[in-house]
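So you know, we letter chains A, B, ... as the sequences are listed, proteins then strands, and number each from 1. Reckoned from all heavy atoms, side chains included, excluding hydrogens, waters and symmetry mates.
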4 protein chains.
Amino acid sequence: MDINQDKKTLLLESALELIRDHGFHGTPVSMVAKHAGVAAGTVYTYFQSKDDMIKELYTYVKSQIYLEISSKDDPRLPFQSRFYALWKNMTGLYLAKPSFQRFMEQFISSPFNTAELQQSVDVWREWLELFFQQGIEQNVLRPLSPKILAIMVLGSIISQIRYLTYFNSKTQLMEEELGLIPQMVWDGIKRQELSDSYP
Amino acid sequence: MDINQDKKTLLLESALELIRDHGFHGTPVSMVAKHAGVAAGTVYTYFQSKDDMIKELYTYVKSQIYLEISSKDDPRLPFQSRFYALWKNMTGLYLAKPSFQRFMEQFISSPFNTAELQQSVDVWREWLELFFQQGIEQNVLRPLSPKILAIMVLGSIISQIRYLTYFNSKTQLMEEELGLIPQMVWDGIKRQELSDSYP
Amino acid sequence: MDINQDKKTLLLESALELIRDHGFHGTPVSMVAKHAGVAAGTVYTYFQSKDDMIKELYTYVKSQIYLEISSKDDPRLPFQSRFYALWKNMTGLYLAKPSFQRFMEQFISSPFNTAELQQSVDVWREWLELFFQQGIEQNVLRPLSPKILAIMVLGSIISQIRYLTYFNSKTQLMEEELGLIPQMVWDGIKRQELSDSYP
Amino acid sequence: MDINQDKKTLLLESALELIRDHGFHGTPVSMVAKHAGVAAGTVYTYFQSKDDMIKELYTYVKSQIYLEISSKDDPRLPFQSRFYALWKNMTGLYLAKPSFQRFMEQFISSPFNTAELQQSVDVWREWLELFFQQGIEQNVLRPLSPKILAIMVLGSIISQIRYLTYFNSKTQLMEEELGLIPQMVWDGIKRQELSDSYP
DNA sequence: AATGAATGAGCTTTCATTCAT
DNA sequence: GATGAATGAAAGCTCATTCAT
């Protein structure tokens, strides 16, 4: 059972690495098997189909993100500190594991990602909404739906990562500017008088 | 020439619709041809290969977005009004043309999207950076790189659209909340004293 | 009629050049048309089909060879001189027009070349057999079937050409040896006591 | 390993038979597979591509010829006997395996046959050149390049086979004449006073 | 006669999946 | 459980040929 879990994880990690470089459709099952050092047929001992493997990959990556981020959060700290820590940990994780980011982006924009899936229960999303819920309850964040706050913040983190990925080489000078992004986002979501709204 | 352009556009639009529903790899060339009412071989009169068609699709969609958005911008208005108009027009365009959004998301997260492509010249990106440049020059926006501002704002718009796409049915109650998102983003990017930074 | 003939010849020559480099199946009709400066459809004004064009090419090349070689033969000379002249003119022609040789070789070894075709009437072959017939009648050649003599001699010429084509660069030293080949062939076919036959 | 070799050989033999009748381009991979009793995809387990299969076919046929002919040569016999045996064995092999001859002719006159390939190492060609080298060293053959002798002799054998293939039906009377061809060739290559050369 | 866009049959090739060993 | 050769549906693409202009 333990060994089996190890082999399954090995396959998932192999798939992740290959998908990072070649995309879903540039990554045949046989390539995943070879990279993991097993025979092609063996993949079907652990997954019902390639599609099934990709769906499990989604679950796997999300749970890895959840474990990594939630374990580093200290609820006893002031919320603003927790927010900056979340930002730092998320960007750190994605930069350390580009395969996570590449996979998630591809998955989300693929036909695998259905409305049902998005609305299904999900520990990571629940944790994240609870996180923002706490910010609201502590009167630190604007009293909006935590779901919306979560999406806005995660979206901004992805944008920053994407930027670093594509322009990294050219833009070391701007690194300090990039450090301002979480502050901008924080300024957007923190409790405050809303600016002159636009009718 | 005119007819040819029409047929090429017809093929592009057909591809866009089908890719929205089935993804790049769920959309064979034959399906695009059938949907456009031509023979499979005809596609190759207008595109060198399927990959070439997808790259042209990217150019096509970007130029459509550019035309739509830039034509609706009035530089004589105060910048904040222009910002809200941009937001409204972008979300309106993406909601009216879901195929545009689905395609762009898939393209960006696919292996088609290379670093070189991201760094190449692009009217739409240039227009967008000039837009934010003007906000900075008018002392309305924070003095950051317009590139970064553009990415943050576009990323947030995409996040909002994604949210609407997946949760729309359940969440009519939140619509007013969604209307607050551009205000949050505006609060994040407008010139102001930065909040207590986090060391 | 004259202009038409010119265009047909132009197409034939274009086809020949392209087939030399790319082979029958590497030479689409559209490529021939483009090379000749006409539209693809125009080819079908002059030929019923691509296969038909290839068959006409065979006739065309053979008649060109026939015209070239027969016009340079002087029946008043001693036969041995005529033989060496034939050899020289054939090798000269093939080296000057590699497209002729490449085409003929390909045609002969292709499914186009049927037994019927080989046995059909053919001015070039008839001229050639008459040539060797005269050698026999003049008691200079062995009294064999002129058909067989023709095939032996032509086959040897082809062999020599092939050798020059593939080993030319390396083998300038051997050129004088190559000059001995027609003498060897002459020694083989000239009237003489046959060597000790092998039972 | 043994089974795999068997199946590969089965595919090669199937391809050979079909190419004999239909030519390279009249023989789809699917036809080869069907003839061998396997699925189309299976061909790609043994060959990287159709082109690759054709190149392997060339190697295969040449090695078969080499094995057949070299095994039947007895170097202890007088050279003239060995020469006539070579002739007889070659014509016998080609007549017994017309697919060998058809394939080799097509291959040689196709774009597959490059100058590099012709100049590459090749056991069969080396054996053949050594064969003629021995004739020279035994003072039986003219002191020419063995390469040239090999080409001349092989070319003549091919010519004879071609003749038999196309005129066989009509020409039983000539069979005795055909038997004279190797004697003519022998007379051409054997050591002797060259005939009156032609300036 | 000439054009060249359109056609679609037919090809090569890939790859998810199966199953005898 | 593991293997990997075999499968065959399905894809991308080519190109001989047609036909409205």
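Residue contacts shown for A:Val43 are absent, as no nucleic acid heavy atom lies under 4.0 Å away.
Against DNA chain E, the stretch residues 48-60 of chain A makes heavy-atom approaches under 4.0 Å through A:Ser49, A:Lys50.
Here E:dA2 presents its P atom at 12 Å from CG of C:Asp6, a figure rounded to the nearest Å. We find that CG of D:Leu10 is positioned 14 Å from C1' of F:dA6, with the value rounded to whole Å. As rounded to whole Å, 9 Å separates atom P of F:dA16 from atom NE2 of C:His25. To the nearest angstrom, C1' of E:dT12 lies 19 Å from OH of D:Tyr46. Nucleotide F:dT14 holds its P atom 15 Å from the NE2 atom of C:His22, rounded to whole Å. Summarising the geometry, the separation between CG on D:Leu11 and P on F:dT7 is reported as 10 Å, rounded to the nearest angstrom. Rounded to whole Å, the distance from CZ on A:Phe47 to P on E:dT18 is 16 Å. Rounded to an integer number of Å, the gap from A:Met31 CE to E:dA16 C1' is 14 Å.
Within the 4.0 Å cut-off from OP1 or OP2 of E:dA6, at least one side-chain nitrogen or oxygen of B:Lys7 is found.
The minimum heavy-atom distance between A:His35 and A:Ser14, with the atom names listed, is ND1-OG, 3.2 Å. What you find for A:Ala36 and A:Leu10 is that their closest heavy atoms are O-CD2, 3.5 Å. Residue A:Thr27 comes nearest to A:Lys50 through the heavy atom pair O-NZ, 3.0 Å, listed as atom of the first residue, atom of the second, then distance. Across A:Ala15 and A:Met53, no two heavy atoms sit closer than the pair CB-CE, 4.0 Å.
Projected onto DNA chain F by closest heavy-atom contact, B:Phe24 and C:Thr27 fall at different nucleotides, the more 5' of which corresponds to B:Phe24. For the pair D:Ala40 and A:Ser30, both in contact range of DNA chain E, the more 5′-proximal nearest nucleotide belongs to D:Ala40. With DNA chain E read from its 5' end, the first of the two nearest nucleotides for D:Gly41 and C:Val38 is the one closest to C:Val38. For C:Val29 and D:Thr42, each mapped to the nucleotide of DNA chain F holding its nearest heavy atom, the one lying further toward the 5' end belongs to D:Thr42.
Screening residues 35-44 of chain A for salt bridge (Lys or Arg N to Asp or Glu O under 4.0 Å) gives no qualifying pairs among residues at least two apart or on separate chains.
The side chain of D:Pro28 lies closest to E:dC11 when the candidates are E:dC11, E:dA16, E:dT3. For A:Thr45, counting side-chain heavy atoms from C-beta on, the closest listed nucleotide (F:dT7, E:dT7, F:dA2) is F:dA2. Relative to the side chain of B:Tyr44, the nucleotides E:dT3, F:dG4, F:dG12 differ in distance, and F:dG12 lies closest. The side chain of A:Ala39 sits closest to F:dG4 out of F:dG8, F:dG4, E:dT17.
Aromatic pair A:Tyr58/A:Phe103: centroids not less than 6.0 angstrom apart.
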Discussion item. Between C:His25 and D:Phe24, is the side-chain contact (heavy atoms from CB on, under 4.5 Å) condition met? List the steps.
Written reply: CA-CA 9 Å; C:His25 294 277; D:Phe24 289 167; over 6 Å; no
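A stem is defined here as three or more consecutive Watson-Crick or G-U pairs, each with both distances under 3.5 Å; for DNA chain F these stems are E:2-21 with F:2-21.
Separating the OH atom in D:Tyr60 from the OG1 atom in D:Thr9 is a distance of 5.5 Å, to the nearest 0.5 Å.
Between D:Phe107 and D:Phe112, the ring planes lie parallel to each other; the angle is under 30°, not in the 30° to 60° tilted range.
Between D:Lys97 and D:Glu68 no salt bridge is recorded (no basic side-chain N to carboxylate O distance below 4.0 Å).
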